[in-house]
Amino acid sequence: MDRTRPAGRHDQRRPAAHAAAALTRARGRQHKPHYWFADRLLAVLSGRRPVHWMLGHTIGEAYEQLVHLAPGAPLRPTDRVTPVVRHCGEFHPGPGVIEAFARIGSGDRVSAMAFRLEQGADRRWRCAAVELGGERTHPESR
């Protein structure tokens, strides 16, 4: 009889294997710019970080879009459940450009966020546009 498994357990999988695979996936996504930006944008739009936290990471109208969106904290936690990036996809319309979308989960609530990243001459990625839930924000319409 094998005494290394808990009583009643018949499969050969070890509990740590699943956790290790999840950790490997999480580490892999940390190195992808669209996941990194999704996490940062979520922190600002949920009210956990101030807008100026994104100052060096935006170009064009993106910062103004964040200034307009952030005060209402549209992705703020509901029922004490902190919102998280469930999935983030990417599309490369050309070199040095990523158009990304993210599904944000907070309990039973799911929100959408889309953003555009552009790579500068210094090889750094910067956010060029942000949209939430399909509604565009235009700084001139305020």
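In this chain, numbering begins with 1 at the start of the sequence shown. Quick caveat, the model's predicted, so the values are computed rather than measured.
- Classification of the H87-F101 ring pair by plane angle, with boundaries at 30° and 60°, yields tilted.
- Scored by the side chain to side chain donor-acceptor pair (under 3.5 Å) test, T58 finds no partners at all (sequence neighbours excluded).
- Hydrophobic clustering places W125 together with M54 (ILVMFWY residues linked when any side-chain heavy atoms are closer than 4.5 Å, directly or through intermediates).
- Smallest separation of non-hydrogen atoms from V85 and A102: CG1-CB, 4.4 Å.
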Under 3.5 Å, side-chain donor or acceptor atoms of residues 88-100 against the rest of the protein: list the pairs with distances, not counting sequence neighbours.
| from | atom 1 | to | atom 2 | distance (Å) |
| --- | --- | --- | --- | --- |
| E90 | OE1 | H92 | NE2 | 2.7 |
| E99 | OE2 | R116 | NH1 | 2.6 |

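- In terms of the ring pair (Phe, Tyr, Trp, His ring centres under 6.0 Å) criterion, residue partners of H57 (sequence neighbours excluded) are, by chain and number, W36.
- Applying the salt bridge (charged side-chain N to carboxylate O under 4.0 Å, His left out) criterion to R126, with sequence neighbours excluded, gives D122.
- The distance from atom CG of D39 to atom NE2 of H34, rounded to the nearest 0.5 Å, is 10.5 Å.
- F115 and W53 fall within the same hydrophobic cluster, defined by Ile, Leu, Val, Met, Phe, Trp and Tyr side-chain heavy atoms under 4.5 Å apart, directly or through other members.
- L66 CG to L45 CG: the interatomic distance, rounded to the nearest 0.5 Å, is 6.0 Å.
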Per-pair distances, 0.1 Å, donor-acceptor, side chain in residues 103-111, under 3.5 Å, sequence neighbours excluded:
| from | atom 1 | to | atom 2 | distance (Å) |
| --- | --- | --- | --- | --- |
| S106 | OG | T78 | OG1 | 3.3 |
| S106 | OG | V81 | O | 3.0 |
| R109 | NH2 | P74 | O | 2.9 |

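- Considering only heavy atoms from C-beta on, L69 stays 4.5 Å or farther from V44 through its side chain.
- Within the structure, no pair that satisfies the salt bridge (charged side-chain N to carboxylate O under 4.0 Å, His left out) test touches residues 43-60, not counting sequence neighbours.
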